[in-house]
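These notes are about the structure you will find just below.
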2 protein chains.
Amino acid sequence: MQTTPATLEDSHPADICSARPPRHPRPDGQDRYTISEVVACTGLTAHTLRWYERIGLMPHVDRSHTGQRRYTNRDLDWLDLVTKLRLTGMPVADMVRYAELVREGAGTYRERQELLEQTRRDVLGRIAELRETLAVLDRKIDFYATEGNTR
Amino acid sequence: MQTTPATLEDSHPADICSARPPRHPRPDGQDRYTISEVVACTGLTAHTLRWYERIGLMPHVDRSHTGQRRYTNRDLDWLDLVTKLRLTGMPVADMVRYAELVREGAGTYRERQELLEQTRRDVLGRIAELRETLAVLDRKIDFYATEGNTR
DNA sequence: GGCTTGCTTGGAGTGCACTCGAAGGTCATA
DNA sequence: TATGACCTTCGAGTGCACTCCAAGCAAGCC
């Protein structure tokens, strides 16, 4: 697929197996973001970020010497995935399950694949539903545009 | 647009302005469904149907001489629309607003049109998001399929 | 030292969309 | 006429995904 070695997949729970255009605010090596920086670049709230960690949806985030969270680029990528999955309507519990599988290492590849394939089917179904709804909306909008202008 | 006269649009709050393939269980005239019949053909629960009425999301449903609900084909069409709008993620409060506009009559055509156009934009955005997510899922699934098989 | 800003924790609270329960009335069939 | 399924109302309860709060620690600055 690409150059990312499989070991990288398991070296840290963040599960970066396919590179996006890596628009990280800082290059790897200088990536120690405070929670408010992560808030600024993800749009999530600090409350939500801490809550994600509490429920096991985030791999354990690194801390500063005073105990404050320091997020990495990898954490940002993970949050990006979580955000996308959330948009599909995937329940948080299922995402936690996926996070657990990632933590368990390479032995769970098959199960992860199945989970994502199920999600993929859900997304396709959802898109189909939305298309149908769009058709209804278009008919109604057309009606209002036509009838609304003739009276 | 089609043969449905504009007056029909306002004759009853159900707002049937664009005909779907009218797959109604019974022809107009014999359309007096009990709540459990509506449950069977919409997939909504009786609780939800009563609740929709309580919060003003349903036009007032006809009653039998003993006070039991009797739904019409028009009510079924309205529920179909509501179900579709719900799938778009539209908040119930917004749907109630739309229902109010329908109840107010033809004078609200423009506002209804704007509301639906906004919804339309939301749906398009949602589809775009889902497509992006789909791309990420495909890349990840591909990774698991490839890496998973070589180990 | 005092002030402000930003962070920590655990637990409690919120808003949405249902979902259920209790108490009782109605209706078709045996 | 009696049984049981089905209906009514209103109010309370549930589950999810946050969202907020209080109390307290730490760092930077005047």
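Residue numbers start from 1 in every chain, and the chains themselves are labelled A, B, ... in the order their sequence lines are given, proteins ahead of strands.
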Between atom [atom1] in [X] and atom [atom2] in [N], what is the gap in whole Å?
X: B/M95; N: C/dC16; atom1: CE; atom2: C1'; value: 11 Å
X: A/L79; N: D/dC18; atom1: CG; atom2: P; value: 12 Å
X: A/W51; N: D/dC21; atom1: CH2; atom2: C1'; value: 18 Å
X: A/R86; N: D/dC16; atom1: CZ; atom2: P; value: 17 Å
X: A/L57; N: D/dC18; atom1: CG; atom2: C1'; value: 12 Å
X: B/Y52; N: C/dA17; atom1: OH; atom2: P; value: 9 Å
X: A/L49; N: D/dC20; atom1: CG; atom2: C1'; value: 15 Å
X: A/I55; N: D/dA17; atom1: CD1; atom2: P; value: 8 Å

Under-4.0 Å salt bridge between [X] and [Y]:
X: A/E100; Y: A/R112; value: no
X: A/R32; Y: A/D62; value: yes
X: B/E53; Y: B/R63; value: yes

State which residue, out of A/L44, A/L49, A/T45, fulfils the side chain to side chain contact (heavy atoms under 4.5 Å, CB included) condition with A/V39.
->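 It is A/L49; the other options fail the test.
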Residue whose closest nucleotide on DNA chain D lies nearer the 5' end, A/H65 versus A/T45 = A/T45
Of B/S64 and B/V92, the one whose closest DNA chain C nucleotide lies more 5' =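 Its nearest nucleotide being more 5', the pick is B/V92.
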With the sugar-phosphate defined as primed atoms, P, OP1 and OP2, and the base as all remaining atoms, what B/S/- string results for nucleotides 4-15 of chain C, 5' to 3', for protein heavy atoms under 4.0 Å?
-> ---SBBBB----
In short, salt bridge (Lys or Arg N to Asp or Glu O under 4.0 Å) pairs touching residues 117-130 of chain A with sequence neighbours left out are A/R120-B/D138
Backbone N/O of A/T72 and side chain of A/D31: donor-acceptor pair under 3.5 Å =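 Flag not set: sc A/D31 to bb A/T72 has no pair under 3.5 Å.
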